[in-house]
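Written below as structure tokens is the structure these notes are about.
By convention here, the first residue in the shown sequence is residue 1. We use all heavy atoms of the structure for the numbers below, so side chains are in, but hydrogens, waters and symmetry mates are not.
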Amino acid sequence: MVEGAGSTDADDAWAWAERLGWAFGLIAEDPVARGAALVHLVEARRKVAEALARCNEMWLLTRPLGADERYREPAFLHARRMHQQAQRYSLPDGVWGGPVDGNTAAWPGLPYALLFLEWEARYPLEWTQHAKAWGTKQSLIRKVARARQDEAIKAKLTDLVELVVHRAYRCKDREYVRVARAVDSADLRGRLGRAAESDSPWARCHAGYVLWLLDRPDLPNTRRVWQTWVAGEAAALL
């Protein structure tokens with residue numbers, strides 16, 4: 001079967017906005033605006049599913065041709081392009097990939113990668129219902145953590161870390177330690193410190209863990225280290 005979004009690496013900011021500008025409604029405070037964006041996303045994902053079904057149909061029909069001839073068959077190539085095109089207008093498909101030159105900071109797709117992460121942080125239930133993609137979340141967190149940090153990006157990433165530590169732990173949240181280490185500052189540590197002293201047990205545990213690792217830059221952020229920290233926090237409550 002056939003999957004995989006078409007390359008958007010070389011597209012400029014205008015092309016990204018034309019495809020995915022609507023998605024900023026997903027993080028709007030206005031529930032009406034957010035609802036409209038969700039309707040748009042449902043329709044975009046429907047088109048992706050239909051295009052994938054057609055592509056898979058052509059994949060089966062062209063099987064007798066063999067692998068080499070299939071990829072020269074116009075009907076199959078057209079169906080494949082239509083699927084890839086539909087993916088570019090949807091989430092999470094539209095934020096797959098990354099900059100060709102590895103320069104994430106200058107990548108026109110960066111605002112949309114950050115949007116996808118912020119949506120998951122602010123509205124996790126809507127994200128899970130409409131565009132759950134843990135692998136994409138992990139990949140994007142790692143990309144933005146490696147990006148060269150200008151002040152605007154650093155501020156956005158600092159906000160993201162603060163958002164995440166204040167909520168119940170979700171799959172791949174531990175990856176945000178990478179971001180915290182990349183944007184480490186007195187401002188971030190102050191926010192984490194307040195979270196670690198809050199009434200929320202989630203915030204105390206998660207923010208405390210991130211602060212602890214910021215003070216230990218050589219300690220790996222492994223599952224075992226996280227589980228040891230969580231066990232210690234739980235024991236402290238007994």
Side-chain angles (χ1 to χ4, degrees), residues 13-48 88-96 104-105 107-134 136-141 143-145 147 149-176 179-180 182-183 185 187-207 210:
W14 184 90
W16 277 91
E18 192 272 335
R19 286 197 311 276
L20 293 175
W22 59 268
F24 283 98
L26 296 170
I27 56 174
E29 293 184 5
D30 179 3
V32 174
R34 206 162 64 251
L38 288 171
V39 169
H40 190 121
L41 176 59
V42 168
E43 176 63 12
R45 288 178 62 85
R46 183 189 66 79
K47 291 178 179 178
V48 171
R88 288 154 58 89
Y89 287 80
S90 184
L91 291 175
D93 315 45
V95 291
W96 290 347
T104 304
W107 179 39
L110 179 58
Y112 303 91
L114 292 171
L115 158 68
F116 189 73
L117 295 176
E118 184 175 349
W119 181 31
E120 193 270 343
R122 290 189 182 279
Y123 303 105
L125 296 181
E126 292 177 1
W127 183 93
T128 301
Q129 179 181 355
H130 294 282
K132 181 178 70 174
W134 302 118
T136 302
K137 174 184 173 180
Q138 179 183 54
S139 175
L140 292 178
I141 292 172
K143 280 186 175 68
V144 300
Q149 310 298 338
D150 63 24
E151 288 306 310
I153 298 303
K154 188 171 183 178
K156 174 65 74 174
L157 294 178
T158 299
D159 289 344
L160 265 177
V161 173
E162 183 181 26
L163 278 170
V164 168
V165 301
H166 272 281
R167 59 129 191 251
Y169 185 88
R170 285 168 58 82
C171 183
K172 306 302 181 182
D173 276 356
R174 186 167 50 85
E175 294 287 342
Y176 277 102
V179 177
V183 300
S185 68
D187 176 35
L188 175 62
R189 287 174 180 252
R191 299 190 199 191
L192 292 173
R194 290 188 290 275
E197 295 174 356
S198 72
D199 294 333
S200 166
W202 285 109
R204 290 198 303 271
C205 179
H206 201 176
V210 176

Ion pair present between [X] and [Y], side-chain N to carboxylate O less than 4.0 angstrom?
X	Y	answer
E126	R34	yes
K156	E118	yes
R46	E43	yes
D187	R191	yes

> When you look at T136 and L140, which way does the side chain to side chain contact (heavy atoms under 4.5 Å, CB included) test go after all the steps?
Replying inline: CA-CA 6 Å; T136 302; L140 292 178; 3.9 Å; yes
>> I'd like to know whether Y123 forms a side chain to side chain donor-acceptor pair (under 3.5 Å) with Q129, so could you lay out the CA-CA distance, the side-chain angles of the two residues, the decisive distance to 0.1 Å, and finally the verdict.
In response: CA-CA 10 Å; Y123 303 105; Q129 179 181 355; over 6 Å; no
Return yes if some donor-acceptor pair links the side-chain N/O of [X] with the main-chain N/O of [Y] below 3.5 Å, else return no.
X	Y	answer
S90	D93	no
S198	A195	yes
Y169	R174	yes
K137	C171	yes
Y112	A23	no

Rounded to the nearest 0.5 Å, how far does [atom2] of [Y] lie from [atom1] of [X]?
X	Y	atom1	atom2	value
H40	L20	NE2	CG	8.0 Å
I141	F116	CD1	CZ	10.0 Å
L115	L91	CG	CG	6.5 Å
W127	L41	CH2	CG	12.0 Å
L117	Q138	CG	CD	11.5 Å
D159	L188	CG	CG	10.0 Å

Specify the closest pair of heavy atoms between [X] and [Y], including all atoms of both residues, with the distance to one decimal.
X	Y	value
A145	A182	O-CB, 3.3 Å
V210	A180	CG1-CB, 3.6 Å
A37	G25	CB-C, 3.6 Å
A121	V164	CB-CG2, 4.1 Å

>> Taking atom CZ as the centre, does R189 end up with more than 12 heavy-atom neighbours from other residues, nucleotides or ligands that are less than 6.0 angstrom away?
In response: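 Enclosed.
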Close side-chain approach of [X] and [Y], heavy atoms under 4.5 Å:
X	Y	answer
L160	V179	no
Y176	H206	no
P124	R170	yes
L192	E162	no

>> Before you tell me yes or no, could you show the steps for D150 and I153 under side chain to side chain contact (heavy atoms under 4.5 Å, CB included), namely the whole-Å CA-CA distance, both residues' side-chain angles and the distance that decides it to 0.1 Å?
In response: CA-CA 5 Å; D150 63 24; I153 298 303; 3.1 Å; yes
> So is R204 actually on top of W202's ring, under 6.0 Å and inside 45° of the axis?
Replying inline: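 That pair does not qualify as a cation-pi contact.
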>> Would you say K154 and T158 are linked by a side-chain donor-acceptor pair, where the criterion is simply a distance under 3.5 Å?
In response: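 Side-chain D/A pair, T158 to K154: absent.
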>> Checking H130 against W119 for the side chain to side chain contact (heavy atoms under 4.5 Å, CB included) test, could you report, in this order, the C-alpha distance in whole Å, the side-chain angles of both residues, the deciding distance, and whether it holds?
In response: CA-CA 11 Å; H130 294 282; W119 181 31; 4.1 Å; yes
> Of K132, K172, R167, which meets salt bridge (Lys or Arg N to Asp or Glu O under 4.0 Å) against E120?
Replying inline: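 Result: among K132, K172, R167, R167 is the only option passing the salt bridge (Lys or Arg N to Asp or Glu O under 4.0 Å) with E120.
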>> Could you check whether W22 and W16 have their ring centres less than 6.0 Å apart?
In response: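 Aromatic pair excluded; centres sit 6.0 Å or further apart.
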